[in-house]
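Below: one structure, written as structure tokens.
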Amino acid sequence: MDTAQLHAGVHLENISKSFGPEGARTLVLDKLSLSIKMGEFVSVIGPSGCGKSTLLKAVAGLLPIDGGTVMIDGMTVEAATKQKKIGLVPQSPALLPWRTVLDNVRLPMRVNPKANANRNLRDPQEVLESFGLGAALDKYPGQLSGGMQQRVAIARAFVFDPSVLLMDEPFSALDELTRDAQRMGLLDFWQSNRKAVMFVTHSVPEAIMLSDRIVVMGAHPGHFAEIINVPLPRPRTTELYATDEFRDLEGHVRETLREVMGHKSA
Amino acid sequence: MPKSRNLRWSSWAPAVVTFGIAAVLWQVTAMANPYVIPTLDQVGLSLITDADVYWANMLVTGLEVVVGATAGIVAGFVLAIIMAEFQIMERAIMPLVVVVMVTPIVAIAPALVVAFGFGMMPKFIVTALVVFFPMLVNSLAGLRDVDDRALDVLKTLHASRWEIFRDLRFMGSMPYVFAGLRIALPLAIVGAAVAEFVAAGQQAGLGSLVTIAAAQANLPVTWASITLLCFMGVVLISLLAVVRNRVLWWSNSATAHRQRPSR
């Protein structure tokens with residue numbers, strides 16, 4: 001459908017969200033607007049408490065918003081979840097410990113099977129193999145390292161071919177060396193399965209390495225301070241870290257973050 | 001799977017020593033006070049000479065425990081599911097449950113005997129009642145305390161309530177369910193014994209045996225019956241541990257890797 005093509009991806013318009021009791025409400029998201037096109041990788045970065053995870057939950061339909069609209073592939077979040085258009089990778093792997101790796105990745109097919117029709121479901125085994133988990137199919141999550149568990153969680157989000165992927169600091173619990181390997185693995189896989197991605201992080205190099213655009217968020221209330229383009233060519237490799245372009249971008253993002261965080265401790 | 005088979009003496013010897021000391025103390029006390037407690041050999045002799053009597057009574061109490069506990073466990077878990085899925089049901093039923101549960105079971109038992117006679121029925125009911133409450137409370141907590149982030153993943157897939165129950169809540173509740181069973185199963189024996197106390201005389205059972213023998217100041221029989229009640233509890237708890245290890249083998253590794261938001 002042409003209109004679907006036109007609206008593919010994520011569109012946020014003026015979304016607002018407050019928490020707290022009537023009369024003492026705190027504004028957490030202040031009229032945020034953003035579009036993520038199909039095949040575009042957008043990172044959201046900001047200090048803790050700026051509302052980036054709240055934003056992600058709102059886009060995932062897990063949190064009702066007070067104002068504005070969230071559209072996914074041209075439909076409401078509710079309709080999009082019904083059609084299984086959203087793949088979520090939470091902060092922790094959140095795997096079912098009593099199920100094998102393969103069964104965990106099959107979960108999205110087992111659930112809401114009505115939405116399985118007319119879509120390009122992937123073979124769970126193949127997806128896991130491409131994530132380097134071919135030997136772990138029949139293992140249980142408790143037998144895997146943290147990095148491997150997170151890869152299973154990412155495989156689970158890719159396997160049912162959603163059009164939008166939402167990732168909430170998926171690598172934040174891993175050590176730096178593992179993180180880098182996970183990043184490049186994700187990038188490789190995404191390169192051949194270009195979805196619209198919204199990736200919440202608080203690592204500047206991670207945001208630059210992965211993204212087409214970086215949204216820098218400020219707090220109190222959560223707002224978009226700046227949207228920074230990352231014009232680095234793809235496919236990207238770890239060699240990029242050492243280039244001048246990368247360092248310039250890193251300086252720019254860090255500078256913006258400093259401004260956002262006020263002049264207090266920066 | 002245990003790595004070592006726990007055969008090293010340092011694992012079992014301390015408990016054996018404790019039991020040994022307790023036995024010696026008991027024996028010494030009993031020999032000094034023959035009208036207060038029986039000696040261990042008197043109890044042992046009674047168990048051997050009247051083995052068939054004890055066996056028959058143990059079967060009766062065992063049947064009460066098995067039937068009553070099964071009914072209480074199933075009822076508690078099913079009601080917990082209903083309450084977990086429908087908040088309004090919790091608000092409607094929980095106050096009644098609490099009222100029933102704060103009523104002393106020792107007080108309910110005679111009333112049930114009046115209502116249902118001296119047969120097995122009041123014993124089933126009392127046993128089921130004492131098992132029911134810890135099962136309900138623990139199952140309810142377990143069905144609610146599932147991994148929030150796994151729940152988020154299921155919700156973004158538009159999982160139905162049934163699918164969330166099937167894929168997450170049922171197994172996720174099992175650590176709590178087994179914690180509940182650990183409390184409930186010993187209580188089941190208490191329930192059966194108490195029910196037999198108040199309906200003693202008519203029907204058999206180890207609880208009846210205790211009251212009858214105690215009334216006749218027959219110390220060896222009293223304490224032999226008590227020993228067998230205790231033995232039943234040990235058997236139940238051991239069986240539970242075996243089943244728990246088969247069902248919940250994933251639980252320890254799961255808690256080690258699952259990160260909950262800190263509060």
Inset, instruction - Without swapping roles, check the side chain of Lys52(A) against the backbone of Gly46(A) for a donor-acceptor pair under 3.5 Å. - result: yes
Legend entry - Side-chain donor or acceptor of Gln149(A) paired with backbone N/O of Pro141(A) under 3.5 Å: yes
Inset, instruction - Start with the C-alpha gap between Asp168(A) and Lys57(A), add the side-chain angles, then the distance that decides, and say whether salt bridge (charged side-chain N to carboxylate O under 4.0 Å, His left out) holds. - result: CA-CA 9 Å; Asp168(A) 189 3; Lys57(A) 282 203 157 180; over 6 Å; no
Inset, instruction - Check whether the ring centres of Phe41(A) and Trp190(A) lie less than 6.0 Å apart, and answer yes or no. - result: yes
Legend entry - Carboxylate-amine/guanidinium proximity below 4.0 Å for Arg25(A) and Asp66(A): yes
Legend entry - chain A-proximal positions within residues 228-239 of chain B [heavy-atom distance under 4.5 Å]: none
Legend entry - side-chain hydrogen bond (donor to acceptor under 3.5 Å, both in side chains) against Arg91(B), all qualifying residues, sequence neighbours excluded: Gln87(B)
Legend entry - 4.5 Å side-chain heavy-atom contact, Met94(B) and Leu136(B): yes
Inset, instruction - Evaluate the side-chain proximity of Leu79(B) to Met135(B): yes if any heavy-atom separation is below 4.5 Å, no if none is. - result: no
Legend entry - Sequence-distant partners of Tyr176(B), ring-ring contact (aromatic ring centres under 6.0 Å, His included), two or more places apart: none
Legend entry - Option that, when pairs with chain B are counted at under 4.5 Å, heavy atom only, ranks first among Gly87(A), Gly61(A), Pro108(A), Ala157(A): Pro108(A)
Inset, instruction - Against chain A, label Thr156(B) side chain, backbone, both or neither, depending on which of its atoms sit under 4.5 Å from a heavy atom there. - result: both
Inset, instruction - Pick whichever of Arg99(A), Gln83(A), Arg156(A) has the most heavy-atom pairs under 4.5 Å with chain B. - result: Arg156(A)
Legend entry - Lys17(A) side-chain N/O to Pro64(A) backbone N/O, donor-acceptor pair under 3.5 Å: yes
Inset, instruction - May I ask you to list the residues in residues 111-134 of chain A that approach chain B closer than 4.5 angstrom, counting heavy atoms only, ordered by number? - result: Val111(A), Asn112(A), Pro113(A)
Inset, instruction - Calculate, to the nearest 0.5 Å, the distance between atoms CG and CG belonging to Leu154(B) and Leu107(A) respectively. - result: 5.5 Å
Legend entry - Heavy-atom donor-acceptor pair, Asn193(A) side chain to Phe189(A) backbone, under 3.5 Å: yes
Legend entry - Interface residue of largest heavy-atom contact number with chain A, from Glu163(B), His158(B), Met174(B), under 4.5 Å: His158(B)
Legend entry - Structural part of Leu168(B) lying under 4.5 Å from a heavy atom of chain A: both
Inset, instruction - Please flag which part of Arg110(A) lies under 4.5 Å from any non-hydrogen atom of chain B: side chain, backbone, both or neither. - result: both
